[in-house]
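Inspection log for the structure reproduced underneath, given as structure tokens.
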Amino acid sequence: MPHQFKDRIADYQRRVDERLDEVLPPASLAPERLHDAIRYAVFNGGKRVRPLLVYAAGECLGVAPDLLDAPAVAIELIHAFSLVHDDLPAMDDDDLRRGKPTVHIRYDEATAILAADALQPLAFSVLARVQRTSPAARNSLVRLVADACGSVGMTGGQSIDLAAEGRTLTVAELEHMYALKTGALIHAAIVCACLLREDLDTASASALDAFGRNIGIAFQIKDDILDIEGETHIIGKPSGSDAKLGKATYPALFGIDASRARCDALLHSAMANLEPFGDASAPLEWLARYIVERGE
Ligand code: GRG
């Protein structure tokens, strides 16, 4: 096994892609167009950051990758589902995602809605099949992911985001929206390993909980910065789309310098959260830096 986490990334990405391929119905199965759209939504070039966080948290806590496959897959399925919905005409109305036509453009709006509808329950079906763990841990995993994607998580955050278009928010209001819309699923990716290490002490669980919250908000602020500064061929969508929609974002409300400073401060806090783990947290440290420094 390569010594440095960055040299294990391609293996983990391949690993999660193989597991995703196993759980997704083949495109040859009826209804073929729906299954084709579902596969397109999942296999159109995502970075797999959330599964990488699941495996990195597992490395930190000594949880074996085969126990983490199901949560890694489930969280990526939820993520894919959220992107399909996010791009719909009723939401952000985007034509391009990961440099390719969005699902409703490539297929049609009804197929995109149905593809997303099918991805969400599949995620919970995968979690329900987690093997070699206690029923209590399995229930906790299901609840963690359900809460992260419901009205007190991603869906709630998206609702606040849509309502905030053209409005001014305070820093606290904006960060609350980010914690729900983007942070909840990133946080859940990290906490999965904690739930599977059933003898984990409270201090370690709290430290990873705080790490997940810090890095989740940083992820969205960096996404905002990239929306302004990133080039289309790198970010996979037209730059400046947030401004066009009048989105309430960190750079729009507080400026690019304040956004960078906040991202750095969150990274700093996230690194401090990892201190008790010593060398074991090197993979999470690497990913935290990647989240804040990507595209630079
Ligand atoms: C999914 C429960 C549920 C409801 C839908 C549409 C919606 C509610 C929520 C949208 C949440 C959303 C799209 C947040 C943005 C998160 C974000 C920054 C996504 C980009 O993530 P990357 O960079 O993407 O990891 P890749 O393409 O690499 O996978």
Side-chain angles (χ1 to χ4, degrees), residues 9 12-13 16-17 20 40-54 72-94 96-104 112-113 115-124 144-165 174 177-189 215-228 230 232-237 241-242 245 247-251 259 263 287-288 290-295:
I9 284 178
Y12 278 134
Q13 286 169 327
V16 77
D17 279 1
L20 283 161
Y40 180 77
V42 173
F43 292 116
N44 64 349
K47 299 183 291 292
R48 310 298 191 221
V49 170
R50 292 154 193 80
L52 289 171
L53 285 167
V54 173
V73 164
I75 286 178
E76 189 63 16
L77 291 172
I78 296 285
H79 170 60
F81 154 52
S82 76
L83 298 184
V84 176
H85 271 192
D86 192 50
D87 293 333
L88 285 172
M91 306 255 185
D92 286 358
D93 195 12
D94 277 317
L96 213 57
R97 161 80 59 189
R98 299 166 170 167
K100 302 195 180 83
T102 47
V103 180
H104 67 276
I113 292 170
D117 284 348
L119 282 165
Q120 189 193 37
L122 181 60
F124 291 102
L144 172 78
V145 178
D147 288 348
C149 101
S151 62
V152 291
M154 191 161 55
T155 308
Q158 179 78 348
S159 173
I160 301 171
D161 178 281
L162 293 170
E165 281 175 15
L174 187 69
M177 184 239 282
Y178 284 10
L180 300 189
K181 181 178 84 153
T182 308
L185 202 58
I186 297 212
H187 171 262
I215 214 64
I217 297 173
F219 192 101
Q220 184 57 55
I221 301 177
K222 181 66 190 199
D223 200 69
D224 294 344
I225 296 171
L226 286 172
D227 187 76
I228 293 172
T232 300
H233 72 277
I234 294 173
I235 59 175
K237 56 181 182 174
S241 46
D242 288 344
L245 288 169
K247 287 273 179 204
T249 67
Y250 217 105
S259 305
C263 239
L287 282 171
Y290 166 77
I291 283 169
V292 169
E293 290 166 8
R294 73 201 140 104

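Everything quoted here is computed from the prediction, not taken from an experiment. Whatever order the structure lists them in is the order used to number ligands and atoms, beginning at 1.
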Sidechain-backbone polar pair: R98 side chain, A41 backbone, donor-acceptor under 3.5 Å: yes
Under 3.5 Å donor-acceptor, K222 side chain and C263 backbone: no
Atom-level proximity to ligand 1, residues with heavy atom under 4.0 Å: G46, K47, R50, H79, F81, S82, L83, H85, D86, R98, C149, M154, T155, Q158, K181, T182, F219, Q220, D223
Sequence-distant partners of Y250, ring-ring contact (aromatic ring centres under 6.0 Å, His included), two or more places apart: F254
Residue pairs fulfilling salt bridge (Lys or Arg N to Asp or Glu O under 4.0 Å) with at least one residue in residues 146-164, sequence neighbours excluded: R143-D147, D161-K181, D161-K247
Side chains of D224 and Q220, donor plus acceptor under 3.5 Å: yes
Listed partners of D86 passing salt bridge (Lys or Arg N to Asp or Glu O under 4.0 Å), at least two apart: R97
